[in-house]
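In this chain, numbering begins with 1 at the start of the sequence shown. Values below: all heavy atoms of this structure, side chains included; hydrogens, waters and symmetry mates excluded. Small disclaimer: the values here were computed from a predicted structure and weren't measured.
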Amino acid sequence: MGTVASAKNHPQNRPKRRWIRRAWQVGCLLLASLVIACSLTFWHLENRGLPEWIKRELVRRLAEKGLDLSFASMRWLPGEGLIVEDTRLQIPGNQQIGSFTAKAIVLQTNPMDWLLGNFQIEKALLREGRLESPLSMSEAPPWLIDGISTRLALHSRDWWELEFLKADTMGVQWHISGSLTNAVQLKDLAPAKPKTESVDQAPKQLLDQLIRLSQQVQFEGQPTVRLHLDLDAGRPSQSTAHASLASGPIRIGQQVCEGLELECLLKDQANSDASEASWQLTAIKTQIGNKVMMDVDLQGKALLDLNHYQPLGGQWQATLTPSKPGNLSGGPVEWSGSLQVPEEEGAQWSVTGNLNSNLLSWAEEAQPPSELKQIDATFDLSLNPHGPWLEQAHWEMHLLGVSTPWLNAPGMHVQLGLSPHPEPPEAASTERWAWWQALAPYQIALQAHVDSLDGSLLETDRMEAQLLWSAPELKVSSLKGTLYEGSL
């Protein structure tokens with residue numbers, strides 16, 4: 001035992017024990033310094049923000065992906081990522097698309113990578129965002145979308161994936177997903193010059209009208225629009241989309257619809273620069289006027305030139321079935337038509353169509369019903385998208401078996417033509433014209449032929465009339481008829 005104790009206390013072992021003790025003390029000091037340094041670094045990154053060189057690198061990397069970022073502060077939180085606060089995100093050189101502003105954008109990235117200069121943005125999460133787009137008409141305020149939350153995966157400079165986007169606008173909740181290829185070309189995605197000058201303002205006018213219409217729409221329960229987009233910024237004609245909407249009761253002014261379902265599809269055309277859009281709309285108990293209720297089934301398709309942002313043509317078919325409690329019954333009414341957009345400079349759009357139905361009945365309280373056994377009508381409209389929209393119109397109607405409590409007619413033929421008034425009256429002079437005021441900008445020519453009339457008010461074998469409305473005058477240019485035993 002004495003030999004072992006003397007070995008432990010040998011003078012040669014004392015420096016070794018002191019070296020181990022000092023190494024342990026230095027190690028603990030270094031570890032404590034590292035913990036303190038990391039804590040201070042994390043505190044600084046979280047509370048004081050990132051160094052300026054990291055901020056500049058982030059802005060540069062986003063610019064490479066086609067995005068321009070400005071912000072108030074930038075900090076890093078463990079478990080979340082880079083927090084960019086009070087941000088504005090837009091596409092440089094293209095103000096028509098607009099810009100995003102957000103309370104915060106969370107960028108998921110590996111901190112070791114950006115500390116080593118290998119800065120890569122994997123995903124971006126947008127919180128409390130807002131879109132401001134000047135796509136509406138110049139005199140109207142910008143189009144605003146609030147409450148945006150979204151997550152965007154930036155896989156590469158040319159491929160982005162929108163995992164989800166939720167937003168509220170126009171009284172509707174939007175759920176959007178999709179992808180974008182050739183994303184860096186967004187900055188070059190300014191609308192090409194239209195093939196015809198007349199359609200230059202058409203997209204802006206259409207959006208402006210939609211915004212104005214949305215301000216009049218009231219929903220009972222917020223409907224949801226689900227939209228999936230696969231867009232190609234380099235080749236817009238190769239983009240595809242699918243949208244669906246289901247809604248309960250809707251009120252537009254004094255008009256009511258009990259239910260609405262809409263399905264839309266956009267797909268590219270093989271071996272063509274055009275895209276095809278198709279839709280299916282079902283509306284239940286839709287109020288038309290004050291006393292007519294209709295169940296509407298509308299479907300159609302259109303060809304679109306997405307490179308120039310204009311339609312190339314389209315067609316539609318609709319079935320309108322009268323429903324209760326409206327005063328109209330019978331039917332259904334079949335309505336179809338088509339749109340042609342010529343390529344010639346300054347040419348007007350042309351809309352043609354027809355409407356027909358059998359055995360329609362109109363019933364008022366305490367009165368015998370009125371009936372129409374058959375109606376065949378055609379219409380031809382000339383539209384000027386550059387404004388005003390309705391340039392010229394022509395309607396022609398054949399009515400068979402007209403029966404009312406006062407008059408009966410086996411057949412009627414009516415033609416109606418509309419054209420712009422060469423010198424329309426001043427708006428101030430038409431303020432008291434009631435519904436005639438809406439007709440002031442037009443000249444309207446009416447021609448009517450009735451085979452015979454039989455009723456308590458009038459009896460005639462035939463009657464022809466020609467009328468011309470040219471504000472402020474209504475002229476009867478021709479009136480012919482056989483009345484009783486004489487003629488007019």
CG-OG distance between Leu229 and Ser239, expressed to the nearest 0.5 angstrom:
8.5 Å
Judged by atom type as modelled, is there a donor-acceptor pair below 3.5 Å linking the side chain of Ser478 to the main-chain atoms of Gln466?
no
Check: Thr181 and Leu231 side chains under 4.5 Å, non-hydrogen atoms
no
Nearest 0.5 Å please: distance from the CD atom of Gln222 over to the CD atom of Gln173.
5.0 Å
Does Gln280 form a side-chain hydrogen bond (donor to acceptor under 3.5 Å, both in side chains) with Asp297? I'd like the steps, not just the answer.
CA-CA 8 Å; Gln280 174 79 41; Asp297 186 2; 2.6 Å; yes
Side chains of Val351 and Leu383, heavy atoms from C-beta outward: is any pair under 4.5 Å?
yes
Flag the pair Ser179 / Trp160 as yes when at least one side-chain heavy-atom distance between them is below 4.5 Å, and no otherwise.
no
Taken to the nearest 0.5 Å, the spacing of Lys301 NZ from Leu265 CG works out to 12.0 Å
Ring pair (Phe, Tyr, Trp, His ring centres under 6.0 Å) between His398 and His413, worked out
CA-CA 5 Å; His398 294 271; His413 180 209; 4.3 Å; yes
side-chain contact (heavy atoms from CB on, under 4.5 Å), that's the test. Do Trp406 and Leu453 meet it? Break it down for me.
CA-CA 10 Å; Trp406 311 278; Leu453 290 174; over 6 Å; no
Taking every non-hydrogen atom, the tightest pair across Pro223 and Leu245
CB-CD1, 3.9 Å
Which distance, rounded to the nearest 0.5 Å, do you find between the CD of Gln415 and the NE2 of His394?
4.5 Å
Would you indicate whether the side-chain heavy atoms of Leu355 and Val333 approach each other to under 4.5 Å?
yes
Check: Asp232 main-chain N/O paired with Asn182 side-chain donor or acceptor under 3.5 Å:
no
Determine the minimum heavy-atom distance between Pro425 and Ala440, stating which atoms define it.
CD-O, 3.9 Å
Quick one, Ile176 and Leu162 - any side-chain contact, counting heavy atoms below 4.5 Å?
yes
Mind checking the CG-SG spacing from Leu227 to Cys264? Nearest 0.5 Å is all I need.
9.5 Å
Could you check if a side-chain atom of Ile148 sits within less than 4.5 angstrom of a side-chain atom of Lys166, using non-hydrogen atoms only?
no
Counting N and O atoms only, with roles assigned by atom type, does the side chain of Thr430 sit under 3.5 Å from a partner on the main chain of Gln437, one being a donor and the other an acceptor?
no
Using the rule given for side-chain contact (heavy atoms from CB on, under 4.5 Å), can you reason through Lys285 versus Asp295, listing the C-alpha separation, both sets of side-chain angles and the distance that settles it, and then say yes or no?
CA-CA 5 Å; Lys285 292 187 179 299; Asp295 292 336; 4.0 Å; yes
Would you say the side-chain atoms of Ser338 pair up with the backbone N or O of Gly314, donor to acceptor, closer than 3.5 Å?
no
Does any N or O in the side chain of Lys267 come within less than 3.5 Å of the main-chain N or O of Ser275, such that one atom is a donor and the other an acceptor?
no
Scan for side chain to side chain donor-acceptor pair (under 3.5 Å) pairs involving residues 372-382, sequence neighbours excluded, and state none if there are none.
Gln374-Asp376
When rounded to the nearest 0.5 Å, the distance separating CG of Leu281 from CG of Leu260 is 5.5 Å
Take Gln287 and Glu258 through the test side-chain contact (heavy atoms from CB on, under 4.5 Å) and record every step on the way to the result.
CA-CA 9 Å; Gln287 183 179 352; Glu258 294 298 328; over 6 Å; no
Nearest heavy-atom pair of Glu371 and Leu359: which atoms, and what distance?
OE1-CD1, 4.4 Å
Could you tell me if Asn408 and Ser403 have a donor-acceptor pair between their side chains, going purely by distance under 3.5 Å?
yes
Start with the C-alpha gap between Trp362 and Glu364, add the side-chain angles, then the distance that decides, and say whether side-chain hydrogen bond (donor to acceptor under 3.5 Å, both in side chains) holds.
CA-CA 7 Å; Trp362 180 271; Glu364 295 273 6; 3.1 Å; yes
Check for a donor-acceptor pair, side chain of His421 on one end and backbone N or O of Ala471 on the other, with a separation under 3.5 Å.
yes
Taking salt bridge (Lys or Arg N to Asp or Glu O under 4.0 Å) as the cut-off, I'd like each qualifying pair that reaches into residues 219-231, sequence neighbours left out, listed once.
none
Parallel, tilted or perpendicular: which describes the rings of Trp335 and Trp316, with under 30° parallel and over 60° perpendicular?
perpendicular
May I ask you to decide if Ala363's main-chain N or O and Asn327's side chain share a donor-acceptor pair within less than 3.5 Å?
yes
Any non-hydrogen side-chain atom of Trp349 less than 4.5 Å from a side-chain atom of Leu339?
yes
Minimum heavy-atom distance Pro368-Pro405, with the two atoms named
O-CG, 3.4 Å
Nearest heavy-atom approach of Glu391 to Pro420 is O-CD, 3.0 Å
Sub-3.5 Å donor-acceptor pair from the side chain of Ser470 to the main-chain atoms of Glu473, do we have one?
no
Parallel, tilted or perpendicular for Trp436 and Trp469, by the 30°/60° rule?
tilted
Hey, are the side chains of His175 and Thr224 touching, using non-hydrogen atoms and a 4.5 Å cut-off?
yes
Walk me through whether Leu304 and Leu266 qualify under side-chain contact (heavy atoms from CB on, under 4.5 Å).
CA-CA 9 Å; Leu304 307 175; Leu266 176 70; 4.2 Å; yes
State, to 0.1 Å, how close Phe219 and Ser247 come at their nearest heavy-atom pair, and which atoms those are.
CD2-OG, 3.6 Å
